[in-house]
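Note that the structure is predicted; figures quoted are calculated from it, not measured. Each ligand, and each atom within it, is numbered from 1 in the order the structure gives. In this chain, numbering begins with 1 at the start of the sequence shown.
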Amino acid sequence: MKNCIHIPDDFAGFDPCGFCIPQPLASSIHRVLIPHGMIKDRIKKLADDIFKALVEEEVESVSLLCVLKGAYRFYADLQESLSAVNANESSKGHFHIIPEFIRLKSYENTSSQGEVKIMGIDDLEKIRGKTVVVVEDIIDTGRTMRKLLSTLESHQPKKVIVVCLLRKRTPLSDGYKPDFVGFEIPDRFVIGYAFDYNEYFRDLMPLCVISEKGIENFKE
Ligand code: IMP
């Protein structure tokens, strides 16, 4: 985990009143944890770091694997930043980016379910012998990522690198650490920037901590 930004447990977050939040969602938000602009800034640096690592390995093409649904926003922003570094004349190197997608599901309400479902794996033969960069939203216990990695390994990629936007500090962690992490965050349930609670809040721009009322109102 290189250059990860550590958000401490005692960080209160920002008052949501200072941000553009749709009125019907306001009572569901406890605090804003990471403003949208800060996420975008951090992603530019992540893209720089990933670019350097791949160029150092003289990689010619990369399968950039989006783990849906939670990573779709992170994926789009990261791919844009990676393409910008790739296109920059002063960058020392270039690789082709091949987009790939997979869908996982393990959460209901605010807790991880025992089973991790993987959908859309039919196409995974395409990663055989390739360098794969897995783009995931968050590592919580680490179980989802371990399951995904063992599935990917069975298709014999050349190398797998994992980048995730967030890593939660939780006592339930199995110790898994991705190669690149945007932010390490306290053990709270977050929504916004494509993070959902029962499929709601993905369209919220900043990353927020859900309120008790939000948990209650959108429970399944
Ligand atoms: P893990 O298997 O416990 O590491 O859980 C990983 C998955 O749980 C992520 O890909 C998310 O879909 C979901 N998840 C974990 N924490 C949160 C959260 O705070 N908000 C929204 N989804 C979460």
Checklist line | Lys/Arg-Asp/Glu bridge criterion (N-O < 4.0 Å) met for Asp174, Arg143 | finding: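 Result for this pair is no, no salt bridge flagged.
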Note to self: Using a 4.0 Å heavy-atom cut-off, which part of Val67 comes near ligand 1: side chain, backbone, both, or neither?
What the structure shows: neither
Check: Which is it for Arg188 and ligand 1 at heavy atoms under 4.0 Å: side chain, backbone, both or neither?
Finding: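 Near ligand 1, Arg188 shows its backbone, while the atoms from C-beta on stay back.
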Note to self: Check for me whether Gly70 has a heavy atom closer than 4.0 Å to any atom of ligand 1.
What the structure shows: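 No; Gly70 lies far enough from ligand 1 that no heavy-atom distance drops under 4.0 Å.
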Donor-acceptor pair, [X] side chain versus [Y] backbone, under 3.5 Å?
X	Y	result
Ser150	Lys147	yes
Arg73	Gly192	no
Ser81	Leu78	no

Note to self: Side chain or backbone, does Phe195 bring an N or O within less than 3.5 Å of an N or O on ligand 1?
What the structure shows: no
Checklist line | Distance-only N or O hit between ligand 1 and Val190, under 3.5 Å | finding: yes
Note to self: For Asn217, give me all partners under side-chain hydrogen bond (donor to acceptor under 3.5 Å, both in side chains), at least two apart in sequence or on another chain.
What the structure shows: none
Item checked: Nearest-option assignment for atom 11 (C) of ligand 1, heavy atoms, candidates Leu148, Thr141, Leu104, Ile138 ->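 Going through Leu148, Thr141, Leu104, Ile138 one by one, Ile138 has the nearest heavy atom to atom 11 (C) of ligand 1.
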Next item on the list: Name the option, out of Thr144, Asp174, Ile185, that contains the heavy atom nearest to atom 6 (C) of ligand 1.
Entry: Thr144
Notebook entry, point to check: Would one find more than 12 heavy atoms of other residues, nucleotides or ligands at under 6.0 Å from atom CD of Glu58?
Noted result: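 Not buried by this count: 12 neighbours or fewer within 6.0 Å.
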Going by the atom numbers of ligand 1, which of them fall below 4.0 Å from some non-hydrogen atom of [X]?
X	answer
Glu136	10 (O)
Lys168	16 (N), 17 (C), 18 (C), 19 (O)
Asp196	21 (C)

Next item on the list: For residues 30-64, pull every pair meeting ring pair (Phe, Tyr, Trp, His ring centres under 6.0 Å), keeping only residues two or more places apart or in separate chains.
Entry: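 Applying ring pair (Phe, Tyr, Trp, His ring centres under 6.0 Å) to every pair that reaches into residues 30-64, excluding sequence neighbours, yields His36-Tyr193, Phe51-Phe95.
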